[in-house]
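Structure incoming, see below.
All figures in this text were calculated on a predicted structure; none of them were measured in a lab. Below, chain A is the first sequence line, B the second, and so on; all start at residue 1.
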Number of protein chains: 2
Amino acid sequence: MTHSPELLKGTLQTIVLKILKDHGRTYGYEITQRVKELSEGSILLTEGALYPTLHRLEAEGLLKTEKVMIGKRVRKYYALTPDGKIEAKDRVAEFIGFIKTMGHVLQVELA
Amino acid sequence: MTHSPELLKGTLQTIVLKILKDHGRTYGYEITQRVKELSEGSILLTEGALYPTLHRLEAEGLLKTEKVMIGKRVRKYYALTPDGKIEAKDRVAEFIGFIKTMGHVLQVELA
DNA sequence: CATGATACCTAATTCTGTTAGGCATAAGAC
DNA sequence: GTCTTATGCCTAACAGAATTAGGTATCATG
């Protein structure tokens, strides 16, 4: 997923949901670029992970899609459904909780 | 691994190394208990994950072992090798860096 | 006209963790 | 006294998510 390592595992859905929450309607390639920017190049999403994840979230009813023609190319936009908005919030909260717990376990200052 | 979810993936080695660094010589079961205490019950290491991880770290030369008889039972103590100490430090630093990056990506205050 | 960026996708493999066992001693409850 | 719980080690089958490595196609630039 990136050159930072396997720590990302399990965070991909959270990242995708939060990007969509903050940015609204976004397409796959754009998500990879935004994450790259926000992480200053340290998180490079692979498409092999991203697209299946988007499809999974859509299948779970958290995302809805819209296809738009850009010239002769199809661009597929994703946006959060109402359930998706709730889930985005929950996932971020869960991540914050996880970080706090890890701070205790690793005995480091994170928050 | 716990009821908090798959966020733990990829953090197990870091946790084990840091516990051994802070506590010194520790045995497997004791590690599960310490992590449980430090995490206030929210991280429950499963043995199916822990023991293979300990064996892996030992095979990589990061841990050394010592068997001690406690009554009629064998207890297997693990401790960091010099390489293990370096690795523990690096892993924790890497985790902190990961958290900072995630803070940017998720646009939340973590530190 | 060739390369790199844009843009979507899937399949095989790998890696880690979960689930679900097995084995055995020690301690406490009833 | 025996039954359950805790202590303590282990492995194997399975599951899930990401990596690696493809495929396809349009568009812009040198």
> Starting at the 5' end of DNA chain C and moving along, which residue's nearest nucleotide shows up first, B:E47 or B:R56?
Replying inline: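 This one resolves to B:R56.
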> Out of C:dA7, C:dT6, D:dA18, which nucleotide sits closest to the side chain of A:Y29?
Replying inline: C:dT6
> A:Q13 has an atom CD; how far is it from atom C1' of D:dA18, in whole Å?
Replying inline: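 From A:Q13 CD to D:dA18 C1': 12 Å.
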> Starting at CG of B:L7 and ending at C1' of D:dA17, how long is that distance when rounded to a whole Å?
Replying inline: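 These atoms are roughly 13 Å apart.
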> Considering heavy-atom distances to DNA chain D, does A:G71 or A:L50 have its closest nucleotide positioned more toward the 5' end?
Replying inline: A:L50
> What do you reckon, is NZ of B:K76 surrounded by more than 12 foreign heavy atoms closer than 6.0 Å?
Replying inline: yes
>> With a 4.0 Å cutoff (strictly under), does any side-chain N or O of A:K67 reach OP1 or OP2 of C:dC8?
In response: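 Result: no.
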> Between D:dC9, D:dC10, C:dA7, which nucleotide has the shortest distance from any of its atoms to the side chain of B:Y78?
Replying inline: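 The listed nucleotide nearest to B:Y78's side chain is D:dC10.
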>> Using whole Å, what does the distance between atom P of nucleotide D:dG8 and atom CE of B:M69 come to?
In response: 12 Å
> Does a side chain donor of either B:E40 or A:T101 reach within less than 3.5 Å of an acceptor in the other side chain?
Replying inline: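 The answer is no; no qualifying pair exists.
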> Under 3.5 Å, is there a donor-acceptor pair between the B:T26 and B:H23 side chains?
Replying inline: yes
> Rounded to the Å, how far apart are B:K76 NZ and C:dC23 P?
Replying inline: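 Checked: the NZ to P distance equals 19 Å.
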> Which heavy atom in B:M102 sits nearest to a heavy atom in A:T11, and how many Å separate them?
Replying inline: CE-CB, 3.9 Å
> Is the shortest side-chain N/O distance from B:T53 to OP1 or OP2 of C:dG17 below 4.0 Å?
Replying inline: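 Affirmative; the distance criterion is met.
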>> Tell me the interatomic distance from B:L8, atom CG, to C:dC15, atom C1', rounded to whole angstroms.
In response: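 Those two atoms, CG and C1', are 16 Å apart.
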> Where the side chain of B:K72 is defined as all heavy atoms beyond and including C-beta, which of D:dT11, C:dT19, C:dT25 is the nearest nucleotide?
Replying inline: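 So the nucleotide nearest the side chain must be C:dT25.
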>> Taking the minimum atom-to-atom distance to the side chain of B:R73, which one of D:dG8, C:dG17, C:dT6 wins?
In response: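 From the listed options, D:dG8 comes nearest.
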> Is a side-chain donor or acceptor of B:T14 paired with a backbone partner of B:V92 at a separation under 3.5 angstrom?
Replying inline: no
> Under 4.0 Å: is that the gap between some side-chain N or O of A:K9 and OP1 or OP2 of D:dG16?
Replying inline: no
> How long is the line joining CD of B:Q33 and C1' of D:dT5, in whole Å?
Replying inline: 13 Å
>> In this structure, how many angstroms lie between the C1' atom of D:dA25 and the CD1 atom of A:I70, rounded?
In response: 15 Å
> Does A:Y51 put a side-chain nitrogen or oxygen below 4.0 Å from OP1 or OP2 of C:dC8?
Replying inline: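 Looking at the OP1 and OP2 atoms of C:dC8, one of them is under 4.0 Å from a side-chain N or O of A:Y51.
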>> Taking the nucleotide of DNA chain D with the nearest heavy atom to each, does B:G48 or B:Y27 sit closer to the 5' end?
In response: B:Y27
>> Rounding to an integer number of Å, can you tell me how far A:L45 CG sits from C:dT6 C1'?
In response: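 It is 16 Å, rounded to the nearest whole Å.
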> Where the side chain of B:H55 is defined as all heavy atoms beyond and including C-beta, which of C:dC8, D:dG8, D:dC10 is the nearest nucleotide?
Replying inline: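 Between C:dC8, D:dG8, D:dC10, the one nearest the side chain of B:H55 would be D:dC10.
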